[in-house]
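As the structure lists them, so they are numbered: ligands from 1, and atoms in each ligand from 1.
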Amino acid sequence: MPTTLVTTIAGLKAATARLLAARSASAGRPATLGLVPTMGALHAGHAALARAAVAENDVVVASVFVNPLQFGDPADLARYPRTTDADLALLDSVGVDLMFAPTVDEMYPGGEPLVRVSAGRLGELYEGASRPGHFDGALTVVAKLLHVGLPLSGTDGGYRAYFGQKDAQQLALVRRMVADLDFPVEIVGVPIVRDADDLALSSRNRFLSAGQRESALVLPRALRLLERRADAHEPLDLESVEAMVRSAPGVELDYLEVVDPATLSPRAENCRETPFTGEALALIAARVGPVRLIDNAPLGS
Ligand code: PAF
């Protein structure tokens with residue numbers, strides 16, 4: 001069945017309820033629902049999220065909505081790529097049932113919401129430090145998408161939502177929101193998809209020139225170096241890795257942090273001079289030309 005485009009919340013709820021009823025009847029058990037929230041400009045990383053959702057659920061909805069609340073810079077919002085036809089074709093090729101692509105008015109009919117979800121202290125670190133309000137905006141729309149994705153009849157079979165591990169901080173915050181506020185949904189993190197040159201896929205990579213892309217490869221190179229040091233239980237010596245990143249032409253390092261994988265609090269011990277032990281997550285962010293890039297890798301797992 002081809003992917004159906006729906007643009008209204010009422011249309012989404014009705015179509016999802018119909019599909020869940022039909023799939024429950026044919027499976028002889030309550031059907032499960034998977035939601036894949038995206039901002040469109042879909043690439044192979046999103047396809048991996050959608051494929052995981054299709055593999056694990058009877059009915060799958062992908063949302064495509066460029067959420068103004070999570071953009072601090074109006075120019076960044078204006079130039080964010082919008083590729084609705086290609087997005088629909090990609091979701092169709094993966095077997096997604098519904099593409100929910102609402103307008104801003106449909107999502108925020110009274111203008112920007114007065115009441116928002118607060119990401120708290122974790123929302124002010126790392127990405128949040130250079131993008132104030134970003135995570136409040138992202139969590140607010142995720143909360144709303146999780147609600148509007150549910151049909152009025154609910155899902156007896158179960159409800160899962162899929163997020164990329166590339167946005168490690170977003171994934172950690174969504175998990176905390178769902179746990180702290182008792183959302184009836186299971187959050188699934190899907191591994192990062194990389195191009196052949198090891199650069200993590202991102203909708204923003206298209207804005208890199210060939211030379212900037214070459215420079216950007218220092219991000220995955222830094223992560224691989226840390227992985228090797230962690231595997232060998234050597235000191236991570238973050239200063240030397242930071243110096244390597246800074247020496248790449250046109251790369252402005254924002255942060256390189258080694259953090260607890262669950263809480264994302266900085267791991268002060270065993271990260272610099274002393275041998276590395278245990279498990280951690282390395283987070284890196286840098287600006288390369290017009291683009292801000294993020295990447296991460298688990299260490300010592
Ligand atoms: O990761 C994204 O693309 C967005 O932050 C999300 C989760 C779709 C919310 O707008």
Taking side chain to side chain contact (heavy atoms under 4.5 Å, CB included) as the definition, give me every residue that meets it alongside S118, ordered by chain and number, with sequence neighbours left out.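 Here the qualifying residues are D136.
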
By side chain to side chain contact (heavy atoms under 4.5 Å, CB included), R51 pairs with (sequence neighbours left out) A47, V94

Salt bridge or not for R292 and D76, using N-O below 4.0 Å?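 Judged by the 4.0 Å cut-off on N to carboxylate O distance, R292 and D76 do not form a salt bridge.
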
Salt bridge flag under 4.0 Å for residues D295 and R194: yes

When you measure from the side chain of R160 to the backbone N and O of E56, does any donor-acceptor pair fall under 3.5 Å?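 Pair found, side chain donor or acceptor close to backbone of E56.
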
Listed by chain and number, what are the ring pair (Phe, Tyr, Trp, His ring centres under 6.0 Å) partners of Y126, not counting sequence neighbours? Y255

Between ligand 1 and the protein, which N/O pairs are shorter than 3.5 Å?
{"unit_1": "ligand 1", "atom_1": "1 (O)", "unit_2": "Q170", "atom_2": "NE2", "d": "2.8"}
{"unit_1": "ligand 1", "atom_1": "5 (O)", "unit_2": "Q70", "atom_2": "NE2", "d": "2.9"}
{"unit_1": "ligand 1", "atom_1": "5 (O)", "unit_2": "Q170", "atom_2": "OE1", "d": "2.6"}
{"unit_1": "ligand 1", "atom_1": "10 (O)", "unit_2": "Q70", "atom_2": "OE1", "d": "2.7"}

